[in-house]
Amino acid sequence: MSSEKNISWFQKLAVTTVLAVLFLIFVGGLVRASGAGLGCPDWPKCWGLWLPPSGVEAIDASQYDVAQFNATKMWIEYVNRLIGVAIGFLVLATAIAAGFLAKQKPWVFTGAFLSLLLVLVQAWLGGEVVKSGLTPGVITLHMILAVIILCLLLTVTYVANDKALACEVDAGPLFRLRWLVILLFGVSIAQLVLGSQVRESLEMMAKVSHPIPREERLEEVGFVDHLHRSLSWLVLILAAALWWFAGREQVENTARLPFWILLSVVFQVVVGISLAYGGLPPAAQVLHLIGAVVLLSLQYLFLLQLFLRMRSSQASAILQPA
């Protein structure tokens, strides 16, 4: 098989893996929104069994509180685990495929191998999330690690694309854009962490013996929620500025991503408003989570595009005769 065909085949596999990781994050959002995170109270087994029990009678009552058994939540969590295992094998396949490109594209192999290592860490951390009883902080770390894995896989996919790297443009406008993208990406990461902490606070309120009505819980979160809401407007301003500057600079093939970034931010703000004033509907919670991850992915992809094109442009300038 030719080198070009190898790369084309690898890219298809890498893109599939990226989409699969996004889908897993979406499913994880469904698990949290449905309150099924402890549908299986242990890990890697479920109620002490490798296959979910058919009913309460199949559970060892001396080891587990059968009063907490909920078949629907159990199956939601178990399917989430099965999907996670399947995607783990996809990441493994991507790392193996990257091995065939190691000499030609060492960074692709390095990124794919690191992704595989982090997936193993993520699997272990997922078990710790369950064992800790969904302890606040551990869930946030679990989400951040998922985003890191996604960014690594995006890097692997993009760097494998020779056509994307071969595009030579003037580096000047790109230098002017990169700091704005870095600032936007940093604030968006902070928003993800704050949003996860808000979500953790809401889940803790739901666990108390006399839970606060769902529509009143945000008011009790306090400073973290207020900061999260305030920063959302900063993200919107930065995204609008990025879109405007990218259009003004008219750098080849750089205006499309800023538009989608701005559109994603607007979507996030609208969904956030529906959460704040609509009584925290579960569907909106899932949309808000996956929207945040897609937004970060678009920003990271644009940042990656800028840095690689700047490097390509600088290398081209060095090679040109005086």
Side-chain angles (χ1 to χ4, degrees), residues 20-21 23-92 116-147 149 193 195-217 220-221 224 280-283 285-286 289-290:
V21 171
F23 178 69
L24 180 59
I25 293 173
F26 170 74
V27 173
L30 288 176
V31 171
R32 291 188 68 182
S34 63
L38 292 177
C40 292
D42 49 351
W43 188 93
K45 294 184 178 181
C46 183
W47 293 98
L49 304 169
W50 288 110
L51 293 176
S54 57
V56 177
E57 63 280 357
I59 300 173
D60 185 354
S62 65
Q63 298 291 327
Y64 300 94
D65 180 8
V66 294
Q68 301 299 319
F69 177 79
N70 182 303
T72 302
K73 291 183 178 181
M74 175 188 69
W75 278 106
I76 290 174
E77 168 59 14
Y78 190 74
V79 169
N80 175 49
R81 294 184 184 185
L82 290 179
I83 294 172
V85 170
I87 292 172
F89 280 113
L90 258 181
V91 176
L92 173 62
L116 178 60
L117 289 180
L118 289 181
V119 164
L120 296 176
V121 174
Q122 184 76 322
W124 168 80
L125 188 59
E128 294 302 305
V129 168
V130 174
K131 291 176 183 177
S132 68
L134 306 182
T135 301
V138 182
I139 297 175
T140 298
L141 182 59
H142 195 54
M143 171 55 62
I144 292 173
L145 189 55
V147 172
I149 292 170
V193 173
S196 183
Q197 290 180 335
V198 169
R199 179 63 183 150
E200 288 174 353
S201 298
L202 295 173
E203 288 173 349
M204 293 298 293
M205 291 179 195
K207 292 179 181 178
V208 298
S209 55
H210 299 288
I212 301 170
R214 189 179 184 89
E215 62 275 8
E216 298 177 10
R217 291 174 191 170
E220 300 297 321
V221 174
V224 174
L280 299 172
Q285 290 179 335
V286 177
L289 171 63
I290 195 65

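Just so you know, residue 1 is the first one in the sequence shown, and it goes up from there.
- Distance OG1/Thr72 to CE/Met74: 8.5 Å, rounded to 0.5 Å.
- Going from atom CD of Gln122 over to atom CG of Leu116 covers 13.0 Å, rounded to the nearest 0.5 Å.
- Looking at heavy atoms from C-beta onward, Val27 lies out of side-chain contact with Ile76 at the 4.5 angstrom threshold.
- Ile59 contributes atom CD1, which lies 5.0 Å from atom CH2 of Trp47 (distance to the nearest 0.5 angstrom).
- Here the closest non-hydrogen pair linking Ala58 and Leu49 is O-CD1, 3.9 Å.
- Counting heavy atoms from C-beta outward, Ile144 and Val193 have side chains that approach closer than 4.5 Å.
- Contact record, Trp43 with Ala123: CZ2-O, 3.4 Å, taken as the closest heavy-atom pair.
- Nearest heavy-atom pair across Tyr64 and Pro41 is CD2-CG, 4.0 Å.
- For Phe23, the ring pair (Phe, Tyr, Trp, His ring centres under 6.0 Å) criterion is met by no residue, not counting sequence neighbours.
- When every heavy atom of Arg81 is checked against every heavy atom of Pro44, the shortest pair comes out as NH1-O, 3.5 Å.
- Here the CG atom belonging to Leu141 is positioned 5.0 Å from the CG atom belonging to Leu125, to the nearest 0.5 angstrom.
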Take Leu120 and Trp124 through the test side-chain contact (heavy atoms from CB on, under 4.5 Å) and record every step on the way to the result.
CA-CA 6 Å; Leu120 296 176; Trp124 168 80; over 6 Å; no

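- Rounded to the nearest 0.5 Å, atoms CD (Glu77) and CG (Leu82) are 10.0 Å apart.
- Counting heavy atoms from C-beta on, the side chains of Gln63 and Asp42 never come closer than 4.5 Å.
- Taking both residues in full, the closest heavy atoms of Met143 and Ile25 are given as CE-CG2, 4.3 Å, listed atom of the first, atom of the second, then distance.
- Closest heavy-atom contact between Ser34 and Lys73: O-CE, 3.6 Å.
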